[in-house]
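Hydrogens, waters and symmetry mates play no part in the numbers below; they use all other heavy atoms, side chains included. All figures in this text were calculated on a predicted structure; none of them were measured in a lab. A, B, ... follow the sequence lines: proteins, then strands. Residue 1 opens every chain.
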Amino acid sequence: MEFKILHTDPGSQARAGVIRTDHSEIRTPVFMPVGTAGSVKGIHQRDLLNDVNAPIILGNTYHLFLRPGLEIMKEAGGLHRFMNWDRSILTDSGGYQVFSLAANRKLKPEGAWFSSHIDGSRHLFTPESIVDIQRIIGADITMAFDECTPWPCDLKYARESLDLTHQWLKRGLKQFRETEPLYGHNQAFFPIVQGSVFPELRKESAHFVAEQGAVGNAIGGLSVGEPAEEMYAMVDVVNSILPADRPRYLMGVGTPVNILEAISLGVDMFDCVMPTRNGRNGMLFTARGIINIKNRKWINDFTPVDPDGDSFVDRQYSRAYLRHLIISGEMLGAQIASLHNLTFYLWLVRQAFEEISRGTYSTWKSKMIPALSTRL
RNA sequence: GGGGAGAUACCAAAGUGGCCAACUGGGGCAGACUGUAAAUCUGCUGUCGUACGACUUCGGAGGUUCGAAUCCUUCUCUCCCCA
(Lines give C-alpha, C1' and ligand atoms only; values in the text may rest on other atoms or scores of the structure.)
Protein backbone atom coordinates (compact mmCIF):
# COMPACT_ATOMS: atom_id res chain seq x y z
CA MET A 1 0.00 0.00 0.00
CA GLU A 2 1.19 3.48 -0.86
CA PHE A 3 -0.06 6.86 0.19
CA LYS A 4 0.71 10.17 -1.41
CA ILE A 5 -0.57 13.58 -0.36
CA LEU A 6 -1.43 15.66 -3.41
CA HIS A 7 -2.70 18.86 -1.82
CA THR A 8 -3.12 20.38 1.59
CA ASP A 9 -5.73 22.93 2.56
CA PRO A 10 -4.33 26.32 3.56
CA GLY A 11 -7.12 26.98 6.06
CA SER A 12 -7.13 23.66 7.93
CA GLN A 13 -5.37 20.33 8.36
CA ALA A 14 -7.31 18.84 5.44
CA ARG A 15 -5.36 16.91 2.84
CA ALA A 16 -6.21 15.43 -0.54
CA GLY A 17 -4.27 12.34 -1.37
CA VAL A 18 -4.27 8.95 -2.96
CA ILE A 19 -3.86 5.46 -1.55
CA ARG A 20 -2.81 2.70 -3.89
CA THR A 21 -3.47 -0.92 -3.08
CA ASP A 22 -3.03 -3.86 -5.42
CA HIS A 23 -6.76 -3.63 -6.12
CA SER A 24 -7.51 0.05 -6.58
CA GLU A 25 -6.51 3.65 -6.38
CA ILE A 26 -8.31 5.41 -3.57
CA ARG A 27 -8.52 9.16 -3.57
CA THR A 28 -8.72 10.58 -0.10
CA PRO A 29 -10.63 11.78 1.78
CA VAL A 30 -12.64 8.63 1.23
CA PHE A 31 -15.78 7.13 2.63
CA MET A 32 -15.82 3.33 2.72
CA PRO A 33 -19.26 1.68 2.62
CA VAL A 34 -19.68 -0.95 5.31
CA GLY A 35 -20.21 -4.49 4.09
CA THR A 36 -20.06 -6.39 7.34
CA ALA A 37 -21.03 -9.86 6.21
CA GLY A 38 -19.59 -9.65 2.73
CA SER A 39 -22.42 -7.45 1.49
CA VAL A 40 -23.11 -3.75 1.56
CA LYS A 41 -26.67 -4.25 2.72
CA GLY A 42 -29.13 -3.76 -0.11
CA ILE A 43 -26.57 -2.75 -2.72
CA HIS A 44 -25.32 -5.10 -5.37
CA GLN A 45 -21.84 -4.86 -6.78
CA ARG A 46 -22.87 -3.23 -10.05
CA ASP A 47 -24.44 -0.24 -8.31
CA LEU A 48 -21.57 -0.11 -5.85
CA LEU A 49 -19.22 0.12 -8.80
CA ASN A 50 -21.20 2.50 -11.01
CA ASP A 51 -23.43 4.84 -9.03
CA VAL A 52 -21.71 4.75 -5.67
CA ASN A 53 -18.34 4.30 -7.33
CA ALA A 54 -16.74 3.18 -4.10
CA PRO A 55 -13.01 2.48 -4.42
CA ILE A 56 -12.98 0.45 -1.20
CA ILE A 57 -15.50 -1.23 1.09
CA LEU A 58 -15.40 -2.85 4.51
CA GLY A 59 -15.84 -6.38 5.65
CA ASN A 60 -15.92 -7.68 9.21
CA THR A 61 -13.61 -10.32 10.62
CA TYR A 62 -15.92 -11.45 13.41
CA HIS A 63 -18.96 -11.83 11.18
CA LEU A 64 -17.19 -13.53 8.29
CA PHE A 65 -15.37 -15.86 10.66
CA LEU A 66 -18.68 -17.08 12.09
CA ARG A 67 -20.39 -17.24 8.71
CA PRO A 68 -19.56 -18.50 6.13
CA GLY A 69 -16.39 -19.44 8.08
CA LEU A 70 -12.75 -19.76 7.17
CA GLU A 71 -12.94 -23.01 5.21
CA ILE A 72 -15.35 -21.50 2.71
CA MET A 73 -13.39 -18.27 2.62
CA LYS A 74 -10.21 -20.21 1.77
CA GLU A 75 -11.97 -22.37 -0.78
CA ALA A 76 -13.42 -19.24 -2.43
CA GLY A 77 -9.94 -17.76 -2.65
CA GLY A 78 -10.63 -14.88 -0.27
CA LEU A 79 -13.37 -12.31 0.08
CA HIS A 80 -12.64 -10.43 -3.15
CA ARG A 81 -13.33 -13.50 -5.21
CA PHE A 82 -16.11 -14.75 -2.95
CA MET A 83 -18.14 -11.57 -3.41
CA ASN A 84 -16.74 -10.71 -6.84
CA TRP A 85 -15.36 -7.33 -5.80
CA ASP A 86 -12.16 -6.32 -7.59
CA ARG A 87 -11.55 -3.07 -5.79
CA SER A 88 -10.09 -2.73 -2.32
CA ILE A 89 -11.42 -4.19 0.90
CA LEU A 90 -10.64 -3.23 4.49
CA THR A 91 -11.61 -5.63 7.24
CA ASP A 92 -12.46 -4.49 10.70
CA SER A 93 -10.85 -6.74 13.26
CA GLY A 94 -13.84 -7.44 15.47
CA GLY A 95 -12.73 -4.83 17.99
CA TYR A 96 -16.07 -3.12 17.54
CA GLN A 97 -17.84 -6.37 18.38
CA VAL A 98 -15.84 -6.43 21.62
CA PHE A 99 -17.86 -3.30 22.35
CA SER A 100 -21.22 -3.96 20.71
CA LEU A 101 -21.47 -7.60 21.81
CA ALA A 102 -20.09 -6.88 25.27
CA ALA A 103 -22.65 -9.13 26.92
CA ASN A 104 -21.36 -12.07 24.87
CA ARG A 105 -17.66 -11.72 25.54
CA LYS A 106 -15.05 -11.96 28.24
CA LEU A 107 -11.76 -10.07 27.98
CA LYS A 108 -8.54 -11.76 29.05
CA PRO A 109 -4.94 -10.71 28.55
CA GLU A 110 -4.56 -13.42 25.89
CA GLY A 111 -7.59 -12.24 23.92
CA ALA A 112 -11.36 -12.08 23.93
CA TRP A 113 -13.67 -15.04 24.45
CA PHE A 114 -16.83 -14.69 22.41
CA SER A 115 -20.16 -16.45 22.34
CA SER A 116 -21.39 -16.43 18.80
CA HIS A 117 -24.53 -14.32 18.41
CA ILE A 118 -25.65 -16.92 15.86
CA ASP A 119 -25.40 -20.23 17.68
CA GLY A 120 -23.84 -19.45 21.05
CA SER A 121 -20.63 -21.35 20.28
CA ARG A 122 -17.54 -20.17 22.17
CA HIS A 123 -14.49 -18.78 20.37
CA LEU A 124 -11.24 -17.19 21.47
CA PHE A 125 -10.03 -14.27 19.40
CA THR A 126 -6.43 -13.29 19.98
CA PRO A 127 -4.45 -10.48 18.31
CA GLU A 128 -2.59 -13.23 16.45
CA SER A 129 -5.65 -15.21 15.35
CA ILE A 130 -7.31 -12.02 14.14
CA VAL A 131 -4.30 -11.43 11.86
CA ASP A 132 -4.50 -15.01 10.60
CA ILE A 133 -8.21 -14.68 9.89
CA GLN A 134 -7.68 -11.44 8.00
CA ARG A 135 -4.97 -13.18 5.96
CA ILE A 136 -7.58 -15.76 4.98
CA ILE A 137 -10.19 -13.13 4.19
CA GLY A 138 -7.52 -11.37 2.18
CA ALA A 139 -8.40 -7.71 2.82
CA ASP A 140 -6.09 -5.07 1.35
CA ILE A 141 -6.11 -3.28 4.67
CA THR A 142 -6.37 -5.26 7.90
CA MET A 143 -6.95 -3.84 11.34
CA ALA A 144 -5.40 -4.53 14.71
CA PHE A 145 -7.53 -6.27 17.32
CA ASP A 146 -8.46 -3.67 19.93
CA GLU A 147 -11.02 -2.95 22.58
CA CYS A 148 -13.41 -0.22 21.50
CA THR A 149 -14.23 1.28 24.88
CA PRO A 150 -17.79 2.23 25.69
CA TRP A 151 -18.88 5.75 26.56
CA PRO A 152 -19.09 6.95 29.20
CA CYS A 153 -16.00 5.22 30.53
CA ASP A 154 -14.06 6.07 33.68
CA LEU A 155 -10.38 6.86 33.60
CA LYS A 156 -9.35 3.65 35.34
CA TYR A 157 -11.22 1.47 32.85
CA ALA A 158 -9.92 3.48 29.90
CA ARG A 159 -6.36 3.24 31.26
CA GLU A 160 -6.49 -0.55 31.65
CA SER A 161 -8.25 -1.00 28.34
CA LEU A 162 -5.63 1.09 26.59
CA ASP A 163 -2.81 -0.99 28.03
CA LEU A 164 -4.55 -4.13 26.79
CA THR A 165 -5.08 -2.64 23.33
CA HIS A 166 -1.39 -1.66 23.16
CA GLN A 167 -0.21 -5.12 24.20
CA TRP A 168 -2.52 -6.63 21.63
CA LEU A 169 -1.17 -4.22 19.02
CA LYS A 170 2.41 -5.36 19.55
CA ARG A 171 1.40 -9.00 19.30
CA GLY A 172 -0.74 -8.39 16.24
CA LEU A 173 1.99 -6.48 14.50
CA LYS A 174 4.49 -9.24 15.23
CA GLN A 175 2.13 -11.85 13.83
CA PHE A 176 1.50 -9.70 10.78
CA ARG A 177 5.22 -9.33 10.11
CA GLU A 178 5.81 -13.04 10.51
CA THR A 179 3.06 -14.12 8.11
CA GLU A 180 2.43 -13.70 4.40
CA PRO A 181 -0.55 -12.83 2.23
CA LEU A 182 -2.28 -15.89 0.77
CA TYR A 183 -3.62 -14.69 -2.54
CA GLY A 184 -0.78 -12.85 -4.23
CA HIS A 185 -1.76 -9.29 -3.37
CA ASN A 186 -0.25 -7.21 -0.59
CA GLN A 187 -1.93 -6.47 2.68
CA ALA A 188 -1.48 -3.56 5.07
CA PHE A 189 -1.99 -3.53 8.82
CA PHE A 190 -3.37 -0.47 10.63
CA PRO A 191 -2.96 0.01 14.38
CA ILE A 192 -5.77 1.72 16.28
CA VAL A 193 -5.48 4.60 18.73
CA GLN A 194 -7.74 4.31 21.77
CA GLY A 195 -7.98 6.24 25.05
CA SER A 196 -11.67 7.12 25.28
CA VAL A 197 -12.21 10.87 25.75
CA PHE A 198 -9.10 11.45 27.91
CA PRO A 199 -6.63 13.70 26.11
CA GLU A 200 -3.63 12.32 28.05
CA LEU A 201 -4.51 8.76 27.14
CA ARG A 202 -5.16 9.72 23.54
CA LYS A 203 -1.76 11.41 23.33
CA GLU A 204 -0.02 8.45 24.87
CA SER A 205 -1.81 6.09 22.53
CA ALA A 206 -1.07 8.22 19.48
CA HIS A 207 2.64 8.22 20.37
CA PHE A 208 2.61 4.50 20.97
CA VAL A 209 0.86 3.86 17.67
CA ALA A 210 3.09 6.28 15.75
CA GLU A 211 6.19 4.46 17.02
CA GLN A 212 5.04 1.24 15.39
CA GLY A 213 5.73 2.75 11.97
CA ALA A 214 2.63 1.33 10.28
CA VAL A 215 1.72 2.40 6.74
CA GLY A 216 -1.55 3.84 8.01
CA ASN A 217 -3.16 4.50 11.37
CA ALA A 218 -6.65 4.47 12.75
CA ILE A 219 -8.53 6.28 15.48
CA GLY A 220 -11.08 4.11 17.24
CA GLY A 221 -13.37 4.31 20.22
CA LEU A 222 -15.10 7.50 19.10
CA SER A 223 -18.65 8.16 17.93
CA VAL A 224 -19.88 5.76 20.60
CA GLY A 225 -22.21 8.30 22.22
CA GLU A 226 -19.92 11.14 23.32
CA PRO A 227 -20.74 14.70 22.23
CA ALA A 228 -19.36 15.56 18.79
CA GLU A 229 -17.18 18.31 20.27
CA GLU A 230 -15.37 15.77 22.42
CA MET A 231 -14.84 13.56 19.41
CA TYR A 232 -13.35 16.44 17.42
CA ALA A 233 -11.12 17.38 20.34
CA MET A 234 -9.77 13.83 20.53
CA VAL A 235 -9.21 13.64 16.78
CA ASP A 236 -7.35 16.94 16.90
CA VAL A 237 -5.07 15.78 19.72
CA VAL A 238 -4.34 12.47 18.04
CA ASN A 239 -3.75 13.88 14.57
CA SER A 240 -1.18 16.32 15.92
CA ILE A 241 0.88 13.25 16.84
CA LEU A 242 0.16 10.63 14.17
CA PRO A 243 2.56 10.87 11.20
CA ALA A 244 1.26 13.31 8.61
CA ASP A 245 2.55 11.27 5.69
CA ARG A 246 0.39 8.24 6.48
CA PRO A 247 -3.36 7.93 6.02
CA ARG A 248 -5.49 8.45 9.10
CA TYR A 249 -8.66 6.48 9.43
CA LEU A 250 -11.42 7.62 11.79
CA MET A 251 -13.36 4.47 12.46
CA GLY A 252 -17.14 4.43 12.44
CA VAL A 253 -17.70 8.09 11.61
CA GLY A 254 -20.18 9.42 10.87
CA THR A 255 -22.73 12.02 9.83
CA PRO A 256 -21.94 14.18 6.79
CA VAL A 257 -21.12 17.04 9.17
CA ASN A 258 -18.84 14.81 11.28
CA ILE A 259 -16.98 13.84 8.14
CA LEU A 260 -16.40 17.38 6.91
CA GLU A 261 -15.24 18.45 10.37
CA ALA A 262 -12.89 15.49 10.71
CA ILE A 263 -11.45 16.13 7.25
CA SER A 264 -10.53 19.61 8.50
CA LEU A 265 -8.70 17.92 11.34
CA GLY A 266 -6.64 15.84 8.93
CA VAL A 267 -8.59 12.59 8.68
CA ASP A 268 -8.41 10.75 5.35
CA MET A 269 -10.62 7.69 5.69
CA PHE A 270 -14.09 7.06 7.08
CA ASP A 271 -16.62 4.30 7.34
CA CYS A 272 -20.05 4.23 8.88
CA VAL A 273 -23.25 2.20 8.77
CA MET A 274 -25.27 5.40 8.82
CA PRO A 275 -25.97 5.79 5.09
CA THR A 276 -27.22 2.22 4.81
CA ARG A 277 -28.86 1.65 8.19
CA ASN A 278 -30.47 5.07 8.46
CA GLY A 279 -31.43 4.80 4.82
CA ARG A 280 -33.26 1.55 5.47
CA ASN A 281 -35.01 3.34 8.30
CA GLY A 282 -36.14 6.21 6.10
CA MET A 283 -33.47 8.87 6.53
CA LEU A 284 -32.05 10.44 3.40
CA PHE A 285 -28.95 12.61 3.40
CA THR A 286 -28.78 15.30 0.74
CA ALA A 287 -26.70 18.39 0.03
CA ARG A 288 -29.70 20.49 1.08
CA GLY A 289 -30.42 18.67 4.32
CA ILE A 290 -31.87 15.56 5.89
CA ILE A 291 -35.17 14.07 4.81
CA ASN A 292 -37.17 11.72 7.00
CA ILE A 293 -39.04 10.19 4.10
CA LYS A 294 -41.52 8.50 6.46
CA ASN A 295 -42.97 11.86 7.47
CA ARG A 296 -46.46 12.57 6.26
CA LYS A 297 -45.41 15.73 4.45
CA TRP A 298 -43.82 13.72 1.62
CA ILE A 299 -46.97 11.71 0.92
CA ASN A 300 -47.79 13.55 -2.28
CA ASP A 301 -44.41 15.02 -3.17
CA PHE A 302 -43.93 13.66 -6.66
CA THR A 303 -40.63 15.46 -7.23
CA PRO A 304 -37.44 13.40 -7.57
CA VAL A 305 -35.87 11.83 -4.48
CA ASP A 306 -32.87 14.15 -4.85
CA PRO A 307 -32.75 16.41 -7.90
CA ASP A 308 -29.05 17.12 -7.20
CA GLY A 309 -28.12 13.47 -6.74
CA ASP A 310 -25.66 11.45 -8.82
CA SER A 311 -27.43 8.13 -8.53
CA PHE A 312 -29.96 6.97 -11.08
CA VAL A 313 -32.51 6.37 -8.33
CA ASP A 314 -32.39 10.06 -7.43
CA ARG A 315 -34.25 11.01 -10.58
CA GLN A 316 -35.92 7.70 -11.38
CA TYR A 317 -38.21 7.75 -8.34
CA SER A 318 -40.31 10.34 -6.53
CA ARG A 319 -40.29 11.08 -2.83
CA ALA A 320 -43.94 10.06 -2.60
CA TYR A 321 -43.12 6.67 -4.12
CA LEU A 322 -40.07 6.13 -1.93
CA ARG A 323 -42.13 7.05 1.14
CA HIS A 324 -44.75 4.54 0.10
CA LEU A 325 -42.13 1.82 -0.32
CA ILE A 326 -40.44 2.45 3.02
CA ILE A 327 -43.73 2.78 4.91
CA SER A 328 -44.94 -0.45 3.32
CA GLY A 329 -41.77 -2.29 4.24
CA GLU A 330 -41.00 -2.98 0.60
CA MET A 331 -37.37 -3.99 0.23
CA LEU A 332 -37.01 -1.82 -2.85
CA GLY A 333 -37.44 1.20 -0.58
CA ALA A 334 -34.47 0.20 1.54
CA GLN A 335 -32.44 -0.39 -1.60
CA ILE A 336 -33.26 2.98 -3.12
CA ALA A 337 -32.57 4.85 0.12
CA SER A 338 -29.30 3.01 0.72
CA LEU A 339 -28.10 3.59 -2.83
CA HIS A 340 -29.03 7.24 -2.65
CA ASN A 341 -27.26 7.76 0.70
CA LEU A 342 -24.08 5.94 -0.27
CA THR A 343 -23.90 7.79 -3.57
CA PHE A 344 -24.33 11.04 -1.66
CA TYR A 345 -21.61 10.14 0.87
CA LEU A 346 -19.16 9.29 -1.90
CA TRP A 347 -20.10 12.48 -3.74
CA LEU A 348 -19.43 14.43 -0.55
CA VAL A 349 -15.89 13.10 -0.08
CA ARG A 350 -15.08 13.43 -3.78
CA GLN A 351 -16.21 17.03 -3.58
CA ALA A 352 -14.02 17.48 -0.50
CA PHE A 353 -11.09 16.15 -2.55
CA GLU A 354 -11.81 18.72 -5.28
CA GLU A 355 -12.17 21.60 -2.85
CA ILE A 356 -8.96 20.73 -1.02
CA SER A 357 -7.18 20.46 -4.35
CA ARG A 358 -8.39 23.93 -5.27
CA GLY A 359 -7.56 25.37 -1.86
CA THR A 360 -11.20 26.22 -1.21
CA TYR A 361 -12.07 23.53 1.28
CA SER A 362 -12.65 25.70 4.32
CA THR A 363 -15.05 28.11 2.65
CA TRP A 364 -16.87 25.26 0.99
CA LYS A 365 -17.16 23.45 4.31
CA SER A 366 -18.59 26.44 6.14
CA LYS A 367 -21.16 26.80 3.40
CA MET A 368 -22.06 23.10 3.45
CA ILE A 369 -22.41 22.49 7.17
CA PRO A 370 -25.58 24.50 7.82
CA ALA A 371 -27.21 22.92 4.77
CA LEU A 372 -26.20 19.38 5.75
CA SER A 373 -27.72 19.68 9.19
CA THR A 374 -31.00 21.18 8.01
CA ARG A 375 -34.07 19.04 8.60
CA LEU A 376 -36.17 19.17 5.48
C1' G B 1 -90.88 -19.26 10.00
C1' G B 2 -87.71 -21.75 14.10
C1' G B 3 -83.11 -21.88 16.93
C1' G B 4 -78.38 -19.81 18.35
C1' A B 5 -74.32 -16.17 18.72
C1' G B 6 -72.86 -11.27 18.94
C1' A B 7 -72.51 -5.53 18.95
C1' U B 8 -65.94 -2.46 22.96
C1' A B 9 -61.69 3.25 20.57
C1' C B 10 -59.50 4.02 13.04
C1' C B 11 -59.43 -1.82 12.37
C1' A B 12 -59.06 -6.53 14.87
C1' A B 13 -59.62 -8.17 19.68
C1' A B 14 -59.31 -8.74 25.45
C1' G B 15 -62.09 -7.28 29.53
C1' U B 16 -68.06 -9.86 32.39
C1' G B 17 -69.59 -5.04 39.35
C1' G B 18 -64.74 -0.97 41.84
C1' C B 19 -57.40 -2.05 40.45
C1' C B 20 -60.98 0.66 33.22
C1' A B 21 -59.89 6.10 29.56
C1' A B 22 -60.24 0.38 28.94
C1' C B 23 -54.88 -5.61 27.82
C1' U B 24 -52.78 -6.78 23.14
C1' G B 25 -51.92 -6.64 17.71
C1' G B 26 -52.41 -3.74 13.44
C1' G B 27 -52.91 1.07 11.44
C1' G B 28 -51.66 6.31 12.17
C1' C B 29 -48.17 10.19 13.97
C1' A B 30 -43.33 11.35 15.64
C1' G B 31 -38.35 10.11 17.31
C1' A B 32 -33.76 7.25 17.53
C1' C B 33 -29.88 4.95 14.70
C1' U B 34 -22.17 6.68 13.90
C1' G B 35 -15.46 0.36 12.96
C1' U B 36 -24.14 -3.34 11.58
C1' A B 37 -26.83 -9.38 16.60
C1' A B 38 -30.85 -3.51 13.18
C1' A B 39 -35.63 -4.36 6.39
C1' U B 40 -34.45 -2.59 13.83
C1' C B 41 -35.88 -0.08 18.25
C1' U B 42 -38.62 3.75 21.25
C1' G B 43 -42.66 7.11 22.41
C1' C B 44 -47.60 8.94 21.58
C1' U B 45 -52.40 7.59 19.64
C1' G B 46 -60.98 9.80 23.33
C1' U B 47 -61.19 15.55 24.31
C1' C B 48 -58.86 19.81 26.93
C1' G B 49 -54.21 20.74 29.70
C1' U B 50 -46.99 21.21 30.00
C1' A B 51 -48.30 18.41 34.38
C1' C B 52 -51.49 17.29 38.85
C1' G B 53 -56.12 16.75 36.75
C1' A B 54 -60.96 17.67 34.56
C1' C B 55 -64.58 16.06 31.14
C1' U B 56 -67.18 12.60 27.63
C1' U B 57 -66.86 7.01 26.29
C1' C B 58 -67.69 0.37 25.49
C1' G B 59 -74.88 -0.28 19.67
C1' G B 60 -79.72 3.10 21.51
C1' A B 61 -83.04 4.02 25.65
C1' G B 62 -84.39 3.00 30.55
C1' G B 63 -83.33 0.55 35.27
C1' U B 64 -80.62 -1.98 39.68
C1' U B 65 -76.31 -0.43 42.71
C1' C B 66 -72.46 3.68 46.99
C1' G B 67 -70.26 2.25 42.15
C1' A B 68 -71.81 -0.59 35.47
C1' A B 69 -68.12 -1.86 29.37
C1' U B 70 -69.56 -5.67 32.95
C1' C B 71 -76.24 -7.17 36.13
C1' C B 72 -81.76 -6.42 34.51
C1' U B 73 -85.65 -4.64 30.85
C1' U B 74 -86.47 -3.11 26.09
C1' C B 75 -85.31 -1.44 21.18
C1' U B 76 -82.06 -1.48 16.84
C1' C B 77 -78.55 -3.94 13.95
C1' U B 78 -75.10 -8.04 12.43
C1' C B 79 -73.71 -13.12 11.81
C1' C B 80 -74.53 -18.57 11.92
C1' C B 81 -77.63 -23.08 11.71
C1' C B 82 -82.40 -25.53 10.51
C1' A B 83 -86.76 -24.99 7.44
- [ ] Take the angle between the ring planes of H80(A) and H185(A) and call it parallel below 30°, perpendicular above 60°, tilted in between.
- [x] perpendicular

Task: Pair K174(A) + E128(A), salt bridge at N-O below 4.0 Å - done: no

Task: Interface residues of residues 316-335 of chain A with RNA chain B (non-hydrogen, below 4.0 angstrom) - done: R323(A), I327(A)

Between the protein and nucleotides 42-45 of chain B, are there any N/O to N/O pairs under 3.5 Å, and if so, what are the atom names and distances?
none

TODO: State which of G31(B), U36(B), U34(B) makes the closest approach to the side chain of V253(A).
DONE: U34(B)

TODO: Taking atom C1' in both G60(B) and G2(B), compute the distance separating them and give it to the nearest angstrom.
DONE: 27 Å

TODO: Identify which nucleotide among A37(B), G28(B), U36(B) has an atom closest to any side-chain atom of R296(A), counting heavy atoms from C-beta outward.
DONE: G28(B)

- [ ] Run the ring-centre check on Y96(A) versus F99(A) and record whether the distance is less than 6.0 Å.
- [x] yes

Open item on the list: Applying a 4.0 Å non-hydrogen cut-off, can you work out what N278(A) is touching in the nucleic acid: base, sugar-phosphate, or nothing?
Closed with: base

Task: Flag, side chain of R202(A) to backbone of V193(A), donor-acceptor distance under 3.5 Å - done: yes

Task: S100(A) vs A37(B): side-chain N/O to OP1/OP2 distance below 4.0 Å - done: yes

Task: Close approaches to RNA chain B from residues 219-241 of chain A, in residue order (heavy atom, under 4.0 Å) - done: G221(A), S223(A)

Open item on the list: What contact category does L58(A) fall into here, base, sugar-phosphate, or nothing, at under 4.0 angstrom with non-hydrogen atoms?
Closed with: sugar-phosphate

- [ ] Under 4.0 Å between any heavy atoms, over every strand shown, what does N295(A) touch: base, sugar-phosphate, or nothing? Just pick one.
- [x] sugar-phosphate

